[in-house]
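The next block holds one structure in the form of structure tokens; read it before the comments.
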Amino acid sequence: METLGNWRRSCYCGEASPSFMGAQVILMGWVQRRRDHGGLIFVDLRDREGIVQLVFNPAEEPLTHEKAHTIRCEYVIAVKGTVSKRPVGTENPSLKTGAVEIKVKDLKILTEAAAPPFLIEDSTDAGEDVRLKYRYLDLRRPGLQKNLIIRHRVCLSARDYLSKNGFLEIETPVLTKSTPEGARDFLVPSRLNPGHFYALPQSPQLFKQILMVSGFDRYFQIVKCYRDEDLRADRQPEFTQIDLEMSFVDREDVMGLSEGLLSHIFKEVMGVELKNIPRMTYEEAVGRYGLDKPDVRFALELKDVTDAVRASSFKVFSDAISKGGIVKAICVKGVEFTRKELDELAGIASTFGGKGLAWVKVSGEGWQSPIAKFFGEEDRKRIDSCVGARGTHPKDGSGDLILFSADRKEVVNTVLGMLRVFLGNRLNLIPKEGFSFVWVTDFPLFEYDETEKRYVSVHHPFTSFLDEDAEKLETNPLGVRSKAYDMVLNGEEIGGGSIRVHGQKVQSKIFDLLGIGKEEAGEKFGFLLDALSFGTPPHGGIAFGLDRIIAIMTGSDSIRDVIAFPKTQRAFCMMSAAPSEVDKKQLDELSLKVVKKE
RNA sequence: GGAGCCGUAGUUAAGUCGGUUAUAACGCCGGCCUGUCACGCCGGAGGGCGCGGGUUCGAGUCCCGUCGGCUCCGCCA
């Protein structure tokens, strides 16, 4: 091990280029690989910006060459040498620096390294659990470094855009108050107030609204949020939002600003020009795509065939309809599915609540289906034309497959919506490149929670409603549409927001409808209700899921690949082994006692 | 809470119908090699099959339980 002494780096390894030709440089980094030819030794030296080849020549620098025998993978070294053009025919076009190499005169081994548990390269085949345990090594891989660099640039360009548009970045508390609605809170015990707890914010929602009451007019924050719910590929217990709020605005203003923000980010970071983002109401999204986060990159839309099948003698359909349900179908073009594949589709349908999945193969000879006998020639024609099915395709003569779901409206849409996404992937209907944005608007304000037997907010309790739906608040709460909007990218929800309620009376009314009593409302959100009574500007905002956006930008399957230190599915950090038990002394100070469940 | 897939050298995997000493590649260690870049060649070390129990003359292979990783449902205003 040697010290740096007076050596200072002249540039990053990845920056070595023909423009430095002949210059003496000092480079520092990690040994990617050593190729020892007995005579010449080649070493690939890696840092954040890339890799460059070092050459140790025994004929020129015998002592340095001798020393180079001892270096191993992941040693941290410094070299002094000259940037040289590689001999003709030995250039490496797959390397950014492949036209040059460093003829090393002097070498310092700054730190030795144990043999890493896996190779530090993008094509590493180590499992994710091993990589998460040694996350610091995993993060040396260029791919993950690139992801985090992109993340940095997205944050930078968001700050730049918002700042230029009059937004102020203002921090809000992390130790805050538990809220009854929404996700499960992470709690933090208060030492100074035994038996009392802070909650980590699920979002800075209340605080950003209060900042509007305070007159800051435009606020934003790139902020961690915490939700104690089960994890998924796109969900971590702590995640980051680009959160913003603006005063004296309506939906158009927030949505327009949001499009500007996204356009700026994608232009700056990806070099991509976004077109105007299309809009679709919740009703349309669910009707055509089955889901409130439609992937509009491919067709395979849902068709309502309730009327076309109403007359049929197929009991599954007629029963569903008589119970107030609907029948919808998707028509899969030109596929030959085996019985086994159809069973697989039915299995998927059942995981989303479908009780069955009726199918019809349409070929040149007409219908082939277990349910064909229930449909006459006229019925079949009507259904075919309704879903756009045809028996033979000019290209290869293959037929279509119609998949039906009959049930309550919600079940039918979910089942076919999820099947649609599954088939889109399976049949490669989804373009690999490109960013397909869509706004979804006019969400219902409430939905009915069967387990709690009450209305709950679809967005959150501070969401305002369409002016024309105001009177339905009394008569038909489920029919009230909200001033909420979601931004969907490639079939994933990447942001959502709303215009807020800005009157104390209306806010109290909403709490009323949600079954949150005056006392409870006062206790939980009294400070917001108080604030609203002191002169509140009309306001609204939106929050974007930074992790999800970066994951889509970088083509990552999971947001774990764009978070430096993510957690596993049981919310465990493989590297630090958090969470862990704590000393009894710590518990005592917090007036806490652990009761282990059987 | 539930469903599915997966746990075998440091890593990734193979392991037949239950049958001697568990196999390969990469990595690691040693040696040789002056134009390699997944360098090449020769040699070597390294695991008892996630953990616990059971069936059996005999278990990496079968059964039960459990722990862990991933994907999904529920959950995520």
Side-chain angles (χ1 to χ4, degrees), chain A residues 32-45 51-60 65 69 72-74 86-95 97-98 101 103 114-121 123-134 137 179-185 202-203 205-206 225-237 239 344 347-354 414-415 418 421-422 443-447 449 451-452 455-463 482 484 493 496-498 510 514 516 543 545 557-558 560 567-570 572 574:
Chain A
Q32 174 74 25
R33 214 180 281 276
R34 181 182 59 120
R35 291 178 294 281
D36 186 341
H37 287 239
L40 290 177
I41 297 175
F42 298 100
V43 168
D44 293 335
L45 191 64
I51 285 176
V52 69
Q53 171 164 287
L54 313 177
V55 191
F56 295 87
N57 191 331
E60 291 175 22
H65 174 265
H69 273 295
R72 295 289 182 273
C73 279
E74 301 308 314
R86 291 195 187 193
V88 175
T90 65
E91 301 88 351
N92 183 350
S94 61
L95 221 54
T97 62
E101 59 190 8
K103 286 190 171 155
F118 51 88
L119 286 180
I120 313 299
E121 54 191 23
S123 59
T124 191
D125 51 3
E128 195 176 5
D129 45 351
V130 185
R131 291 192 284 112
L132 285 175
K133 179 172 179 195
Y134 301 97
L137 299 180
T179 49
E181 298 288 292
R184 193 177 293 112
D185 284 319
Q202 297 176 25
S203 81
Q205 185 60 36
L206 270 42
C225 301
Y226 307 86
R227 294 177 190 174
D228 188 4
E229 298 292 348
D230 287 357
L231 290 84
R232 289 283 192 281
D234 63 349
R235 277 161 40 187
Q236 285 271 309
F239 62 99
E344 188 191 357
I348 292 164
S350 75
T351 67
F352 295 99
T414 305
V415 164
M418 296 307 289
V421 172
F422 175 83
F443 281 77
L445 188 61
F446 305 114
E447 60 191 349
D449 187 312
T451 48
E452 290 193 46
Y455 297 119
V456 294
S457 295
V458 169
H459 188 51
H460 59 51
F462 319 107
T463 304
S482 69
E493 182 196 329
S498 62
I510 302 261
L514 292 171
I516 301 173
D557 290 329
S558 163
R560 291 189 298 278
K567 294 183 174 54
T568 68
Q569 199 159 53
R570 34 173 289 258
F572 187 76
M574 297 286 269

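Chain identifiers are assigned alphabetically (A, B, ...) following the order of the sequence lines, protein sequences preceding nucleic acid strands; residue numbering begins at 1 within each chain.
The nucleotide B/G48 finds no pairing partner, because no Watson-Crick or G-U wobble arrangement with both distances shorter than 3.5 Å includes it. In this entry B/G4 has B/C70 as its Watson-Crick or G-U wobble partner, both defining distances falling under 3.5 Å. Shown here, B/G43 forms a base pair with B/C29; the pair counts as Watson-Crick or G-U wobble because both key distances fall under 3.5 Å. A 3.5 Å limit on both hydrogen-bonding distances identifies B/U23 as the Watson-Crick or G-U partner of B/A13.
Contacts of A/Asp228 with the nucleic acid, taken as non-hydrogen atoms under 4.0 Å apart, are absent. Residue contacts for A/Ser457: at a heavy-atom cut-off of 4.0 Å it reaches the sugar-phosphate backbone alone, with no base atom in range. Nucleic acid contact class of A/Val458 (heavy atoms, under 4.0 Å, all strands): sugar-phosphate only. Using a 4.0 Å heavy-atom cutoff across all strands shown, A/Glu101 reaches at least one base atom of the nucleic acid. Counting non-hydrogen atoms under 4.0 angstrom, A/Gln569 reaches a base of the nucleic acid. When heavy atoms are screened at a 4.0 angstrom cut-off, A/Gly353 is found touching no nucleic acid atom at all. Residue-level contact check: A/Pro117 touches the backbone only, with heavy atoms under 4.0 Å from sugar-phosphate atoms and none from bases. Using a 4.0 Å heavy-atom distance criterion, A/Glu60 is classed as making no nucleic acid contact. As judged by a 4.0 angstrom heavy-atom cut-off over every strand, A/Phe352 is placed among residues touching the sugar-phosphate backbone only. Among the heavy atoms of the strands, none lies under 4.0 Å from A/Ser123. Among the heavy atoms of the strands lying under 4.0 Å from A/Asp125 are primed sugar atoms or P, OP1, OP2 only; no base atom is included. Across all strands, A/Arg232 comes closer than 4.0 Å to base atoms (heavy-atom distances).
Nucleotides B/G53 and B/A13 are separated by 28 Å at their P atoms, to the nearest Å. Taking atom C1' in both B/A22 and B/G58, one finds a spacing of 16 Å when rounded to whole Å. Between B/C26 and B/G68, the two C1' atoms lie 25 Å apart (nearest whole Å). The separation of B/G27 from B/G18, taken at their C1' atoms, amounts to 33 Å, rounded to a whole angstrom. The separation of B/C72 from B/C57, taken at their P atoms, amounts to 46 Å, rounded to a whole angstrom. Nucleotides B/C63 and B/G1 are separated by 25 Å at their P atoms, to the nearest Å. A distance of about 15 Å separates the C1' atoms of B/G31 and B/A45, rounded to the whole Å. Straight-line distance between the P atoms of B/C6 and B/U12: roughly 16 Å, to the nearest whole Å.
Between A/Ile510 and A/Phe446, some side-chain heavy-atom pair lies under the 4.5 Å cut-off. At least one side-chain heavy atom of A/Glu181 sits less than 4.5 Å from a side-chain heavy atom of A/Ile516. Residues A/Thr351 and A/Met418 have side chains not in contact (no heavy-atom distance under 4.5 Å, counting atoms from C-beta outward). Counting heavy atoms from C-beta on, the side chains of A/Thr97 and A/Gln53 never come closer than 4.5 Å.
Between A/His37 and B/C39, a base-stacking contact is recorded: ring centres under 5.5 Å apart, planes less than 30° from parallel. A stacked arrangement is assigned to A/Phe42 and the six-membered base ring of B/U36, with a centre-to-centre distance below 5.5 Å and an interplanar angle below 30°.
A tilted orientation is assigned to the rings of A/His460 and A/Phe462, their planes being inclined by 30° to 60°. Between A/His37 and A/Phe42, the ring-plane angle classifies as perpendicular under the 30° and 60° cut-offs.
Between A/Phe56 and A/His65, the closest heavy-atom pair is O-CD2, 3.5 Å.
By the rule that a glycosidic angle within 90° of 0 means syn, B/G48 counts as syn.
Here A/Arg235 does not pair with A/Asp230 in a salt bridge; the nearest charged N to carboxylate O distance is not below 4.0 Å.
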Q. Using a cut-off of 4.0 Å between protein heavy atoms and nucleotide atoms, how would you tag nucleotides 24-30 of chain B 5' to 3' with B, S and -?
A. --S--SS
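Ranked by how close their nearest RNA chain B nucleotide is to the 5' end, A/Phe118 and A/Asn57 are led by A/Phe118. RNA chain B is contacted by both A/Arg35 and A/Gly38; A/Gly38 maps to the nucleotide lying nearer its 5′ end (nearest heavy atom per residue).
Among the nucleotides B/U36, B/G68, B/G1, the one closest to the side chain of A/Arg570 is B/G68.
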